[in-house]
Colleague: 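To start, I am sharing the structure in question, which I have written as structure tokens.
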Protein chains: 2
Amino acid sequence: MPVEQPDMPELKIESGSGLQTNVEPLQLGKRLREIRQSLSLTLEEASQRTGLARSTLSKIENEQISPTFTAVQKLANGLQIDIPQLFAKPRSTMASGRRVLTQAGEGTPHPTSTYEHELLSTELARKKMVPFKTRVRARSFDDFGDWVRHEGEEFLLVLEGELALYTEFYEPVVMVAGDSMYYDANMGHALVSLSEQDALVLWIVAR
Amino acid sequence: MPVEQPDMPELKIESGSGLQTNVEPLQLGKRLREIRQSLSLTLEEASQRTGLARSTLSKIENEQISPTFTAVQKLANGLQIDIPQLFAKPRSTMASGRRVLTQAGEGTPHPTSTYEHELLSTELARKKMVPFKTRVRARSFDDFGDWVRHEGEEFLLVLEGELALYTEFYEPVVMVAGDSMYYDANMGHALVSLSEQDALVLWIVAR
DNA sequence: CAATAAATTAGCATATAGGAAATATTTCCC
DNA sequence: GGGAAATATTTCCTATATGCTAATTTATTG
């Protein structure tokens, strides 16, 4: 009897515009300086690792010259940076340097006909992962309607009880406390509690 | 006493980025040519849109020169390409329609001086999330060396015991079973067990 | 404030990218 | 197959990035 969309809280996540018409300033030098400094490297050390001259590095960081692509490659190799990541825009991610605690039972409730979700860390927006605890009511009907199915990947850990995870293309699997499952969420999936009491699971979705 | 890098198991996982010492061939010219042709643009047209000379474009595509970063920017703007995407590798994802079960205690062990990690779902490569259970040994010294710090976001759920989560910029937080934390992993972090017995946590990292 | 380290700048030599025009290649139509 | 037009490549010159050495300025540290 799993179920409709509400089972997938938010997922609105980010993926801002998608249209980057803006003429990005893209402070390459600034970024590079940050990276180098975060590694506690002096220009001299960075020079040794990258094979680029101190002065060149300085000029690049101060945006006095526009580095050759080969120079960028040397930089990326020498400093262990991922090139795509280097050029990535300010990255509309979760606010950096933030954390949020959710104490047991203090999450945001989100009940559905089959599940009782407790959304975690809701204070943080634009997260890469959406975590929630779910209480699967005892003896859910074992004929369920449609699969739950959505973009992304899902990780599931059984915290209490015993349940069956049904997934498309596979046989159902019985899971007990401590068992975990990682699966492609595009694949239909659904949980059914097997024990007398409700089962409790931790669920995490990543898009 | 958290610690050195080993505390962050794998992370090598996808994007092979962990350590990309390899001198990536990175056929920039080839990629650009493909893109231009897929837009049915002639060198002349591309030249007009980008402000770069026909000859320059030709040389870049034939890898006779290594374009300046500003040139790459002009190209990206003119041809509506996303720079990160330009350098991104073929984008491999987890095989679709797959799932993998890890039964309690059956993960892949990965001990370090401070923690005892049990990696989960290791059979699936290129996952968006890296899940593992960690046993935090009782009474870890509460003076720890360096922070653990890495790209991405991290979710932490306490399964058993009681521990203190130290994070940069914040006061330490005491967490008990059922409590969870979501935080920016670039922010230094470290766990210390407070109870007599070891503490057990579920950890999930998303890059 | 002194002493040291680190970063920036300067000057010059060289390698190489960028632009304009010439040359070569391909495409396409008869 | 032979042009003619379109497209791509190469040539040549100029602009600029890179390397080197050293001097100068700017942090750091004690």
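A, B, ... follow the sequence lines: proteins, then strands. Residue 1 opens every chain.
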Colleague: When the distance from CZ of B/Phe69 to C1' of D/dT18 is rounded to whole Å, what number comes out?
Modeller: 18 Å
Colleague: Please report the distance, rounded to the nearest Å, between CD in A/Gln37 and P in D/dT26.
Modeller: 17 Å
Colleague: Counting heavy atoms from C-beta on, name the nucleotide in C/dA7, C/dG19, D/dT18 closest to the side chain of A/Thr56.
Modeller: D/dT18
Colleague: Heavy atoms from C-beta onward define the side chain here; which of D/dT10, D/dT9, D/dT18 lies closest to that of B/Arg33?
Modeller: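 Looking only at heavy atoms from C-beta outward on B/Arg33, the closest nucleotide is D/dT9.
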Colleague: Can you label the angle between the A/Trp203 ring and the A/Tyr115 ring as parallel, tilted or perpendicular, going by 30° and 60°?
Modeller: perpendicular
Colleague: Starting at CD of B/Glu63 and ending at P of C/dT16, how long is that distance when rounded to a whole Å?
Modeller: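 Taking atom P of C/dT16 as the reference, CD of B/Glu63 is at 16 Å.
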Colleague: Heavy atoms only, 4.0 Å cut-off, all strands: where does B/Leu43 land among base, sugar-phosphate and nothing?
Modeller: base
Colleague: Quiz question: going by heavy-atom distance under 3.5 Å, is there a donor-acceptor pair between the base of C/dG18 and the side chain of B/Lys74?
Modeller: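 Not at all, since no donor on one side and acceptor on the other fall under 3.5 Å apart.
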Colleague: How close or far is atom P of C/dA17 from atom CD1 of A/Ile60, stated in whole angstroms?
Modeller: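 These atoms are roughly 14 Å apart.
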Colleague: Please state how far atom CZ in A/Arg54 lies from atom P in C/dA5, giving the value in whole angstrom units.
Modeller: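 My rounded result for the distance is 14 Å.
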Colleague: Looking at A/Thr68, I'd like to know whether one of its side-chain N or O atoms comes within less than 4.0 Å of OP1 or OP2 on D/dT18.
Modeller: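 Result: yes.
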Colleague: In whole Å, what is the span from the CG atom of B/Leu57 to the P atom of C/dA17?
Modeller: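 Going from B/Leu57 (CG) to C/dA17 (P), I get 14 Å.
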Colleague: Given D/dT9, is OP1 or OP2 found less than 4.0 Å from the side-chain N or O atoms of B/Asn62?
Modeller: yes
Colleague: Please determine whether any donor N or O and acceptor N or O are separated by less than 3.5 Å between the side chain of B/Ser55 and the base of D/dA8.
Modeller: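 No.
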Colleague: For a quick check under 3.5 Å, do A/Thr134 and A/His117 share a side-chain donor-acceptor pair by atom type?
Modeller: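 Note: A/Thr134 and A/His117 side chains meet the donor-acceptor criterion.
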Colleague: Determine the contact category for B/Ser58: base if any of its heavy atoms lies under 4.0 Å from a base atom, sugar-phosphate if only primed atoms, P, OP1 or OP2 are that close, otherwise nothing.
Modeller: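 Base contact.
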Colleague: Taking the side chain from B/Arg149 and the backbone from B/Asn186, do they hold a donor-acceptor pair closer than 3.5 Å?
Modeller: yes
Colleague: Does A/Gln64 put a side-chain nitrogen or oxygen below 4.0 Å from OP1 or OP2 of C/dT9?
Modeller: yes
Colleague: Do A/Glu44 and A/Arg54 sit within salt-bridge range, that is, some charged N less than 4.0 Å from a carboxylate O?
Modeller: yes
Colleague: Which heavy-atom pair separates B/Leu57 from B/Ser47 by the least distance, and what is that distance?
Modeller: CD1-N, 3.4 Å
Colleague: Counting side-chain heavy atoms from C-beta on, which of D/dA8, D/dT11, C/dT9 comes nearest to B/Arg36?
Modeller: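 Nucleotide nearest to B/Arg36's side chain: D/dA8.
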Colleague: Is there a side-chain contact between A/Thr42 and the phosphate of C/dA7, meaning an N or O under 4.0 Å from OP1 or OP2?
Modeller: yes
Colleague: Write down the distance between CG (B/Leu52) and C1' (D/dA15), rounded to a whole number of angstrom.
Modeller: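 The answer, rounded to whole Å, is 14 Å.
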Colleague: For A/Leu41 and C/dA5, what is the distance between atoms CG and C1' respectively, to the nearest whole Å?
Modeller: 15 Å
